[in-house]
Number of protein chains: 2
Amino acid sequence: MRHDSRLSGVLHVLLHMLEAGEPITSEHLAEMMSTNPVVVRRIMAGLRDAGFVHSEKGHGGGWTVTCDPAAVTLDDIYVALGSPPVFALGHRSENPACLVEQAVNASLESAFQEAEQLLLKRLGAVTLAALAADFHQRYLAKRGTKKDISHAV
Amino acid sequence: MRHDSRLSGVLHVLLHMLEAGEPITSEHLAEMMSTNPVVVRRIMAGLRDAGFVHSEKGHGGGWTVTCDPAAVTLDDIYVALGSPPVFALGHRSENPACLVEQAVNASLESAFQEAEQLLLKRLGAVTLAALAADFHQRYLAKRGTKKDISHAV
DNA sequence: GTCTCATGAAACAAATAATGTTACATGAGA
DNA sequence: TCTCATGTAACATTATTTGTTTCATGAGAC
């Protein structure tokens, strides 16, 4: 299965937007994510609807963060993306008539649900601000130049 | 993403094989899983290599369980399948040069790893025998006929 | 011995879902 | 009014799982 990298991608550009402090165009964000501007708009649409970011048209337009990074968690972002499926593993049929398959599904499902709850709980414990702080630590540890912040492919 | 239903499917037929007590052909197993005999052989190959099942050619041939159901867990089966990817969510690039993306990946990865560990731990706590027992409970609760065991599509 | 049943494996086809691309409409500013 | 930038729909591409065909091989029935 090909995996869904939207959460990873959108967090990446969100942090860049926080660092930038000025509107960034879809095209620029697309470069950072090595993808297409339309893909960026598609992904960002959910965050815009959730009020986390704002988009502006015309000259000097682009995307800006409009939420408090300390108040928004990775789980919030995940939900804004539409809460995409977490697992690559699943059942063949959701409501099987076969009692054996029912037993199998019940057992698997409880395990998957527990794991998903833990995952979302962990995502809910990390704020955008915490992620940004983690980045700054890495930045200092590397003693890089200011250029490293803007972006290295 | 299209999800991988091999674990669910193989557990399903394993329980049927335990109930049957005699070799079942790939074709019969395929009917139970609503799939193709070749797909069944492909999936079962891993279990055969792991020594959990045995296959016999010719008349009266087919697949039989050769392990102790009380000693094999769902995690063992998962591993025998080749430990397929658990999550549908992932990173865009595994080793990004961008420090921001590194910070994002690190945070996400620790959350995913924890969730995966919990999942596998839960799967490791359930044996095939326990699953079979669960089935028998469901069977009794339904007061069905013996026919229900063999299979209902 | 030969026929049928069954697995083993390779190669190919179909289906599906994520991602990429093109095209055009709309609105904001120079 | 020209350019920049987003919004959206429609379509193309790609990756991956699943399904299918085909042929070889071995085991038992006759």
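Note on naming: letters A, B, ... go to the chains in the order of the sequence lines (proteins, then strands), and numbering restarts at 1 for each one. Since the structure is predicted, the reported quantities are computational estimates derived from the model, not experimental observations.
In this structure, CG of B:Asn36 is placed 15 Å from P of C:dG8, rounded to the nearest angstrom. Atom CZ in A:Phe87 sits about 19 Å away from atom P in C:dA17, given to the nearest Å. Nucleotide D:dT6 holds its P atom 15 Å from the CZ atom of A:Arg42, rounded to whole Å. A straight line from NE2 of B:His59 to C1' of C:dC3 spans 8 Å, rounded to a whole angstrom. Rounded to whole Å, the distance from CD on B:Glu27 to P on C:dG8 is 15 Å. Summarising the geometry, the separation between CG on A:Leu29 and C1' on D:dA5 is reported as 12 Å, rounded to the nearest angstrom. If you measure from atom CE of A:Met44 to atom C1' of D:dT6, you get 12 Å, rounded to the nearest angstrom. In this structure, the CG atom of A:Asp49 is 11 Å from the C1' atom of D:dG7, given to the nearest Å.
Side-chain N/O atoms of A:Ser55 include none lying less than 4.0 angstrom from OP1 or OP2 on D:dA5. Listed pair B:Ser5 / D:dT18 meets the phosphate criterion, a side-chain N or O lying under 4.0 Å from OP1 or OP2. Within the 4.0 Å cut-off from OP1 or OP2 of D:dT6, at least one side-chain nitrogen or oxygen of A:Ser26 is found. For B:Arg6 and D:dT16, the shortest distance from a side-chain N or O to OP1 or OP2 is not below 4.0 Å. Considering only side-chain N and O atoms, A:Arg48 lies under 4.0 angstrom from the phosphate OP1 or OP2 of D:dG7. Contact check, B:Thr35 against D:dT18: no side-chain N or O comes under 4.0 Å of OP1 or OP2. Listed pair B:Arg41 / C:dT7 meets the phosphate criterion, a side-chain N or O lying under 4.0 Å from OP1 or OP2.
Both A:Val38 and A:Lys57 lie close to DNA chain D; mapped to their nearest nucleotides by heavy-atom distance, the more 5′-ward contact belongs to A:Lys57. Taking the nucleotide of DNA chain C with the nearest heavy atom to each of A:Glu56 and A:Val39, the more 5' of the two is matched to A:Val39.
Checked against side chain to side chain donor-acceptor pair (under 3.5 Å), A:Ser5 has the following partners two or more places apart in sequence or in another chain: B:Arg92.
Using N1 to N3 plus N6-O4 or O6-N4 for Watson-Crick, or N1-O2 and O6-N3 for G-U wobble, each under 3.5 Å, C:dA30 pairs with D:dT1.
With hydrogens and angles left out, the side-chain atoms of A:Trp63 and A:Thr25 include no donor and acceptor closer than 3.5 Å.
In terms of hydrophobic clustering, with Ile, Leu, Val, Met, Phe, Trp and Tyr side chains grouped at heavy-atom distances under 4.5 Å, A:Val39 and A:Leu11 are assigned to a common cluster.
For the pair A:Ala71 and A:Asp76, the tightest heavy-atom approach, listed with the atom from each and the gap, is O-OD2, 3.9 Å. Here the closest non-hydrogen pair linking B:Thr127 and B:Pro69 is CB-O, 3.5 Å.
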